[in-house]
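For reference, the structure discussed in these notes is given below.
Along the sequence shown, residues are numbered consecutively beginning with 1.
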Amino acid sequence: MARSQQAKLLKTVRHLIGLAAAACLLSAASSGLAQTPAKPAPAAPQASPQVAPQAAPQAVPGFWDPRRRPERPDLSRLTVIRFLTETDYPPFNYTGADGNPAGFNVDLARALCEEIKVTCTVQMRRFETLVDALSSNRGDAIIASMAVSPQLRARADFTDPYYRVPARFASRKDAVMPEIRPEYLEGKKVGVIAGSAHEAYLRAMFTDAELHGYPNDEALRTALRRGEVDFIFGDAISLAFWINGTDSGDCCAFSGGPFVESRFFGEGVGIAVRKGNDLLRQALNWALFRVWEKGRYTDLWLRYFSVSPF
């Protein structure tokens, strides 16, 4: 989903920030997160998957392989890290009750600085100004839910991903499937935002499903709530907030697991540093691994999110 669309969607859940502080979310091994189907195989015998209530344990994303421990760089050359983040993208970035920067990204930045044992500052700016501010040395690193793309790689270097925005199916609670494969959705009505990467993925992988395009998320989710479609497919983070919020009327739940195919849904979200600043990039990669290894990443994510998109 486009960055601007994500911002618009998550602004609608600003009122959930207080509730989400005590909630739970995401943990899966870095290599085992995705449920990425191959091209649909020849139709299996008429076996239908058993419908079961959703009762999966909460999961916290982990994109770090313990067998690939990064080397500790020379941290003595770092004395301060000036983080840049955006102003209004809850629960990742927002202004706290005390007027200071708050949110998952802000707390993660502070945890990284504690690990590196360096002074840390966080400055909030409009999202569209962040890369220019980094390039002109008004900050050292951007931690603002910035999805890595070839266009951005031309302007900045990035750490390893510290989270992804997966895609998932949602259904009404009385029709939840524990697993979803292309053959399971043959003839099923699936709603999706018209023209989105999610629609492109369904057309490529779920060729026997009956797709129904909608202009926006509100129309899409209303269709599922009313039973006009069997499933909807979209951004799992915004869907997680909707499922757990009052707007869903407790109608619906996730079906199957997450899809993180990078060709359709991007490389993931990383921390941007100025081109060529390998010392800082390596230090942040090392600190991200340490924060995850110590369980602090898990604690942080569980504090901010209410329903696992994974």
| task | Quickly, which of Phe169, Tyr184, Phe231 forms a ring-ring contact (aromatic ring centres under 6.0 Å, His included) with Phe206? Name it, please. | result | Phe169
| field | Test side chain to side chain donor-acceptor pair (under 3.5 Å) applied to Thr79 - qualifying residues, sequence neighbours left out | value | none
| task | State which residues pass salt bridge (Lys or Arg N to Asp or Glu O under 4.0 Å) with Asp107; sequence neighbours excluded, sorted by chain then number. | result | Arg110, Arg303
| query | Does Met124 share a hydrophobic cluster with Ile81, counting links as ILVMFWY side-chain heavy atoms below 4.5 Å and allowing steps through other members? | reply | no
| message | Suppose we call two aromatic rings close when their centres sit under 6.0 Å apart. Are Trp292 and Tyr162 close by that rule? | response | no
| field | Test item: Ile232 and Val192 side chains (from C-beta on) under 4.5 Å apart, heavy atoms | value | no
| query | So, Arg274 and Asp157, do they make that salt bridge, N to O below 4.0 Å? | reply | no
| field | Contact check, side chains of Ile271 and Asp160, non-hydrogen atoms, under 4.5 Å | value | no
| field | Distance (rounded to the nearest 0.5 Å) between Tyr201 OH and Arg263 CZ | value | 8.5 Å
| said: If hydrophobic clusters are built by linking Ile, Leu, Val, Met, Phe, Trp and Tyr wherever their side-chain heavy atoms come under 4.5 Å apart, do Ile116 and Val291 end up in the same one? | reply: yes
| said: Under the rule for salt bridge (Lys or Arg N to Asp or Glu O under 4.0 Å), what residues qualify as partners of Asp230, not counting sequence neighbours? | reply: none
| Is the shortest heavy-atom distance from the side chain of Arg153 to the side chain of Val148 under 4.5 Å? | yes
| task | Any chance you could measure Ile143, atom CD1, to Ser145, atom OG, to the nearest 0.5 Å? | result | 8.0 Å
| task | Can you label the angle between the Phe259 ring and the Phe233 ring as parallel, tilted or perpendicular, going by 30° and 60°? | result | perpendicular
| request: Look at Glu179 together with Arg181 and state whether they make a salt bridge at an N to O cut-off of under 4.0 Å. | output: yes
| field | Hydrophobic cluster identity match, Leu280 and Trp286, side-chain contacts under 4.5 Å | value | yes
| said: Using 0.5 Å steps for rounding, measure from the NZ atom of Lys117 to the CG atom of Leu75. | reply: 9.0 Å
| Among all residues two or more places apart in sequence or in another chain, which pass the side chain to side chain donor-acceptor pair (under 3.5 Å) test with Thr159? | none
| task | Look at the rings of Phe104 and Tyr304 and say which category their plane angle falls in: under 30° parallel, 30 to 60° tilted, over 60° perpendicular. | result | perpendicular
| Contacts of Glu114 that satisfy salt bridge (Lys or Arg N to Asp or Glu O under 4.0 Å) - sequence neighbours left out | Arg296
| What are the two closest non-hydrogen atoms of Ala272 and Phe158, and how far apart are they? | CB-CE2, 3.6 Å
| message | Measuring from atom CG of Asp247 to atom CD1 of Ile243, what distance do you get when rounded to the nearest 0.5 angstrom? | response | 12.5 Å
| message | Show me the pairs that pass salt bridge (Lys or Arg N to Asp or Glu O under 4.0 Å) and involve residues 89-102, at least two apart or across chains. | response | none
| side-chain contact (heavy atoms from CB on, under 4.5 Å) partners of Thr121, counting only residues at least two apart | Arg82
| request: Would you indicate whether the side-chain heavy atoms of Phe92 and Ile237 approach each other to under 4.5 Å? | output: yes
| If you measure from CD on Gln151 to OG on Ser149, what distance do you get to the nearest 0.5 Å? | 4.5 Å
| field | With Thr119 via side-chain contact (heavy atoms from CB on, under 4.5 Å) - residues at least two apart | value | Val80
| message | Once side-chain contact (heavy atoms from CB on, under 4.5 Å) is applied, do any residues pair with Arg68, and if so which ones, sequence neighbours excluded? | response | Asp65
| query | Taking atom CD of Gln123 and atom CD1 of Ile142, what is their separation to the nearest 0.5 Å? | reply | 11.0 Å
| Quick one: are Ile193 and Asp217 in side-chain contact, heavy atoms under 4.5 Å? | yes
| query | Would a 4.5 Å heavy-atom cut-off, applied to side chains only, mark Leu185 and Asp208 as touching? | reply | no
| query | Taking 4.0 angstrom as the limit, do Glu261 and Arg164 come out as a salt bridge? | reply | no
| Can you name the side chain to side chain donor-acceptor pair (under 3.5 Å) partners of Gln282, sequence neighbours left out? | none
| query | Is a side-chain donor or acceptor of Arg172 paired with a backbone partner of Gly227 at a separation under 3.5 angstrom? | reply | no
| said: Just to verify, what does Arg77 make a side chain to side chain donor-acceptor pair (under 3.5 Å) with, not counting sequence neighbours? | reply: none
| query | Hey, does Leu279 have a side-chain heavy atom less than 4.5 Å from the side chain of Asn277? | reply | yes
| Run the side chain to side chain contact (heavy atoms under 4.5 Å, CB included) check on Leu108 and Leu300 step by step: do they pass? | CA-CA 8 Å; Leu108 178 59; Leu300 181 59; 3.7 Å; yes
| note | Across all chains, not counting sequence neighbours, the salt bridge (Lys or Arg N to Asp or Glu O under 4.0 Å) partners of Arg155 are Asp132
| said: So Val190 and Glu210, do their side chains get closer than 4.5 Å, heavy atoms only? | reply: no
